Chemist: 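One structure follows; several queries about it will come next.
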Amino acid sequence: MSSENRTIAAIATAHGIGSIAIVRMSGAAALEIAERLTGRSFHPRQATLTPIYDREGELIDQGIVIYFQAPRSFTGEDIVEFQVHGGVVVAQRILQELLVAGARLAEPGEFTKRAFLHGKIDLTQAEAVAKLIEAKSEDAGRILARQMKGELREFVEEVRERLIRILAYVEVNIDYAEEDLPETLEEEMGRQLAELAQRLRRVVELSERRRGLIEGFRIAIIGRPNTGKSSLLNKMVAYERAIVSDVAGTTRDTIEEEIRIGSHLVRIIDTAGIREAKDQIEQVGIERSLKAVEESDLVLALFDGSTPLTPEDREIIGLLKEKGKESIAVINKIDLGIRLEREELEGLDLVEISVQEDITPLIERIEERLDRYGGREEVILISTRQIEGVREALEEIEASFSPLEEGELEIFAFHLNRAIDLIGSISRPMATSELLDKMFGEFCLGK
Ligand SMILES: Nc1nc2c(ncn2[C@@H]2O[C@H](COP(=O)(O)OP(=O)(O)OP(=O)(O)O)[C@@H](O)[C@H]2O)c(=O)[nH]1
Ligand SMILES: [Mg+2]
């Protein structure tokens, strides 16, 4: 039997101390191997408490064994699960016995890969499984759960069907009509395509904005030197992570820490103060600050409320307004009284705090902003692969507008066919095994 369809086994639970560990086996020999280790037979979908022995007949553990008969299992093959006492020792001994009895160790993601190959799930569902394991927030969990149920697959199929229908109308005319398309039909097709393109554009845009929801948000703290950026970071992580001093230019490099805000796991990035650099190291630090802004999902721009605005402050205000970056303008040090010209910050989302006293109003505002990313109304693409797929399909649809108008129906059909393939490949790739290996290889072991 080739290694591709041999029976595989792996420990499915996290490595470490825990009350229960699960060892999982999938493939044609699974049932027979399980019977050999226990000396008994199993009925599908019944939890059976049984002793489990090694090949010498020595007891390894007493545990629950469940048999899922093909094709009604996660992989579509026979699966046997051993739920045994936790920690690593028992699970490892059982795994060892399974391997000796003829199973081979599963590669990362191989169970899910088999589920895909046997048509139990499509690629979007497989990706959702992988991301759910690493989800960084409850909202991410919700989106991924919907995707596992097939929400994105349904969306993809709906778009694909609509494209096929439009193409079919037009192809009838390529074959039979002497002249151009009837004008009303052309208009109708154009209108439908434009509507579809608009929807896809929205999905791509929303998905990009919400990428942090799945992967964890990045929040950059910026501001001119001495506004209290490092003090804020320290307060947020609740220990003295960054050096704080009244010397301007204290922070020279970016500092990152992960914290929880509400239901979100976020990465906070403290940056070097932005000003005309005094030396080369500071210059590099400042360039990194600007890069941190680029890469973040939300920017906290800090201003020292106890002094009037400086040219650097104004530069930062300009940056926020012109880039349209998601941001909160934070006026700090209000314990010292306010001398900053508030009116110049008009139009920005404003919060006033004293890092030395209380940052609760800021934390609440951040939480509100992050919650807003979690909108539930539209499907979300959760991987670069998915986003690229839709974007490329969108380009083909856009490229089909003018040939449709000009009656070049073959060219129109060419672009539409490409769009149909590209959209379809999001859930069912024109399977190159390389792509699959790469995708499933990123899964964790035993999944
Ligand atoms: N009174 C008062 N002082 C503060 C407050 N927040 C920070 N400071 C003081 O402001 C000074 C600068 O703080 P830092 O946190 O080092 O400022 P920074 O923005 O990181 O500065 P650079 O790293 O140089 O860019 C320190 O002396 C802090 O103690 C505040 O809310 N009130
Ligand atoms: Mg600092």
Side-chain angles (χ1 to χ4, degrees), residues 218-257 259 261-262 266-279 281-283 285-286 288-290 292-293 296 298-323 325-370:
R218 295 175 64 84
I219 300 181
I221 309 175
I222 64 163
R224 72 170 158 84
N226 249 331
T227 48
K229 299 179 293 300
S230 301
S231 308
L232 176 60
L233 174 86
N234 287 348
K235 189 94 172 199
M236 285 173 120
V237 301
Y239 75 102
E240 301 302 306
R241 171 65 183 86
I243 300 171
V244 167
S245 84
D246 53 9
V247 179
T250 301
T251 306
R252 293 296 189 100
D253 201 351
T254 50
I255 299 175
E256 303 194 11
E257 281 290 306
I259 60 164
I261 296 182
V266 300
R267 192 159 268 278
I268 305 285
I269 302 135
D270 177 24
T271 64
I274 294 172
R275 63 169 172 183
E276 283 291 330
K278 292 239 164 63
D279 62 45
I281 296 175
E282 191 172 8
Q283 182 56 38
I286 290 171
R288 286 198 188 150
S289 304
L290 295 173
V293 171
S296 65
L298 180 64
V299 172
L300 307 182
L302 246 64
F303 301 93
D304 183 341
S306 68
T307 62
L309 290 168
T310 67
E312 290 115 334
D313 288 330
R314 295 202 167 90
E315 199 138 309
I316 289 168
I317 295 170
L319 187 82
L320 296 180
K321 285 190 172 162
E322 134 207 359
K323 290 223 167 174
K325 189 95 199 170
E326 293 282 337
S327 64
I328 299 175
V330 184
I331 299 181
N332 185 29
K333 307 195 191 184
I334 54 171
D335 55 294
L336 300 177
I338 295 222
R339 290 180 55 214
L340 171 146
E341 307 85 337
R342 278 202 193 91
E343 60 286 355
E344 291 195 38
L345 293 175
E346 229 164 74
L348 297 172
D349 186 12
L350 209 62
V351 180
E352 301 185 5
I353 54 165
S354 159
V355 168
Q356 263 176 15
E357 288 171 1
D358 183 21
I359 61 168
T360 315
L362 175 60
I363 298 294
E364 285 174 355
R365 187 70 59 87
I366 295 173
E367 190 180 347
E368 259 173 53
R369 293 286 293 265
L370 297 184

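No experiment lies behind these values; they were computed from the predicted model shown.
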Chemist: How long is the span from the CG atom in Leu300 to the CG atom in Leu362, to the nearest 0.5 Å?
Modeler: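 Nearest 0.5 Å value for the CG-CG distance: 5.5 Å.
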Chemist: Do Leu298 and Arg218 come close enough that some side-chain heavy atom pair is under 4.5 Å?
Modeler: no
Chemist: Please name the pair of heavy atoms, one in Thr251 and one in Ser230, separated by the smallest distance, quoted to 0.1 Å.
Modeler: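 Result for this residue pair: OG1-OG, 2.7 Å.
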Chemist: Within the structure provided, determine whether Ile274 and Ile316 are in side-chain contact (heavy-atom separation under 4.5 Å).
Modeler: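 A side-chain contact under 4.5 Å exists here.
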Chemist: Can you find a pair of side-chain heavy atoms, one from Arg275 and one from Pro225, that are under 4.5 Å apart?
Modeler: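 Counting from C-beta outward, Arg275 and Pro225 do come under 4.5 Å.
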Chemist: How about Ile243: does its CD1 atom have over 12 heavy atoms from other parts shown lying under 6.0 Å from it?
Modeler: no
Chemist: Assess the residue pair Arg314 and Glu344 against the criterion (salt bridge (Lys or Arg N to Asp or Glu O under 4.0 Å)); give the C-alpha distance rounded to whole Å, side-chain angles, the decisive distance to 0.1 Å, and a yes or no.
Modeler: CA-CA 8 Å; Arg314 295 202 167 90; Glu344 291 195 38; 2.8 Å; yes
Chemist: Could you give the distance from CD1 (Ile261) to CD (Glu367), rounded to the nearest 0.5 Å?
Modeler: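 Here the rounded value is 8.0 Å.
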Chemist: Roughly how far, to the nearest 0.5 Å, is the CG atom of Leu319 from the NZ atom of Lys325?
Modeler: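 Here the rounded value is 10.0 Å.
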Chemist: Mind checking whether Glu341 and Pro308 have side chains closer than 4.5 Å, heavy atoms only?
Modeler: yes
Chemist: So, Glu352 and Arg342, do they make that salt bridge, N to O below 4.0 Å?
Modeler: yes
Chemist: Within the structure provided, determine whether Leu290 and Ile222 are in side-chain contact (heavy-atom separation under 4.5 Å).
Modeler: no
Chemist: Quick one: do Ile317 and Leu345 satisfy side chain to side chain contact (heavy atoms under 4.5 Å, CB included)? Show the steps, please.
Modeler: CA-CA 7 Å; Ile317 295 170; Leu345 293 175; 3.3 Å; yes
Chemist: Report yes if some heavy atom in the side chain of Arg224 is under 4.5 Å from a heavy atom in the side chain of Asp304; otherwise report no.
Modeler: yes
Chemist: To the closest 0.5 Å, what do you measure between CD1 (Ile268) and OG (Ser296)?
Modeler: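 It is 10.5 Å, given to the nearest 0.5 Å.
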Chemist: Applying side chain to side chain contact (heavy atoms under 4.5 Å, CB included) to Leu233 and Ile255, what does each step give before you reach the verdict?
Modeler: CA-CA 9 Å; Leu233 174 86; Ile255 299 175; 4.0 Å; yes
Chemist: Using a 4.5 Å cut-off on heavy atoms from C-beta on, say whether the side chain of Ile353 contacts that of Val330.
Modeler: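 Yes, side chains in contact.
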Chemist: In Å, rounded to the nearest 0.5 Å, how long is the span from CG of Asp358 to CG of Asp335?
Modeler: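 The CG atom of Asp335 is 11.5 Å from CG of Asp358, to the nearest 0.5 Å.
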Chemist: Ignoring hydrogens and angles, tell me if any N or O in the side chain of Asn234 forms a donor-acceptor pair with the backbone of Ala242 under 3.5 Å.
Modeler: yes
Chemist: Closer than 3.5 angstrom, by distance alone: can the side chain of Asn332 be matched with the main-chain N or O of Val355 as a donor-acceptor pair?
Modeler: yes
Chemist: With a sphere of 6.0 Å drawn around CD of Glu315, does it hold more than 12 non-hydrogen atoms of other residues, nucleotides or ligands?
Modeler: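 At most 12 heavy atoms, drawn from other residues, nucleotides or ligands, come within 6.0 Å of this atom.
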Chemist: Going by an N to O cut-off under 4.0 Å, is there a salt bridge joining Asp270 and Lys229?
Modeler: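 Not counted as a salt bridge, because no side-chain N and carboxylate O are separated by less than 4.0 Å.
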Chemist: Test Val266 against Leu370 for side chain to side chain contact (heavy atoms under 4.5 Å, CB included), laying out the working first.
Modeler: CA-CA 10 Å; Val266 300; Leu370 297 184; 3.5 Å; yes
Chemist: Should the pair Arg369-Glu326 be classified as a salt bridge under the 4.0 Å nitrogen-to-oxygen rule?
Modeler: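 So Arg369 pairs with Glu326 through a salt bridge.
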Chemist: Side chains of Thr271 and Arg252: donor-acceptor distance under 3.5 Å anywhere?
Modeler: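 Absent: no donor and acceptor within the cut-off.
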Chemist: Between the side chains of Thr310 and Glu312, is a donor N or O closer than 3.5 angstrom to an acceptor N or O?
Modeler: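 The criterion, which ignores hydrogens and geometry beyond distance, is satisfied for Glu312 and Thr310.
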Chemist: For Ser327 versus Leu348, what's the shortest heavy-atom pair and its separation?
Modeler: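 Minimum heavy-atom contact is OG-CD2, 4.5 Å.
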Chemist: Can you list the steps and then say if Lys235 with Ile359 is a side chain to side chain contact (heavy atoms under 4.5 Å, CB included)?
Modeler: CA-CA 8 Å; Lys235 189 94 172 199; Ile359 61 168; 3.5 Å; yes
Chemist: On a heavy-atom basis, which atom in Ser354 and which in Ile334 lie closest, and how many Å separate them?
Modeler: N-CG1, 3.8 Å
Chemist: Any idea which heavy atoms bring Phe303 and Leu340 closest together, and the distance?
Modeler: CB-CD1, 3.7 Å
Chemist: Measuring from Ile219:CD1 to Met236:CE, what's the distance to the nearest 0.5 Å?
Modeler: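 Ile219 CD1 to Met236 CE: 6.0 Å, rounded to 0.5 Å.
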Chemist: Quick check: closest heavy atoms across Ile328 and Arg365, and the distance to 0.1 Å?
Modeler: CD1-CG, 3.8 Å
Chemist: With distance as the sole test, does Lys321 use its side chain to make a donor-acceptor pair with the main-chain N or O of Gly347 at under 3.5 Å?
Modeler: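 Such a contact is absent between Lys321 side chain and Gly347 backbone.
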Chemist: If you define the side chain from C-beta out and look only at heavy atoms, does anything of Val351 sit under 4.5 Å from Ile331?
Modeler: no
Chemist: In terms of side-chain heavy atoms, does Thr250 have a donor or acceptor partner in Ser245 at a distance below 3.5 Å?
Modeler: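 Thr250 vs Ser245: donor-acceptor pair found between side chains.
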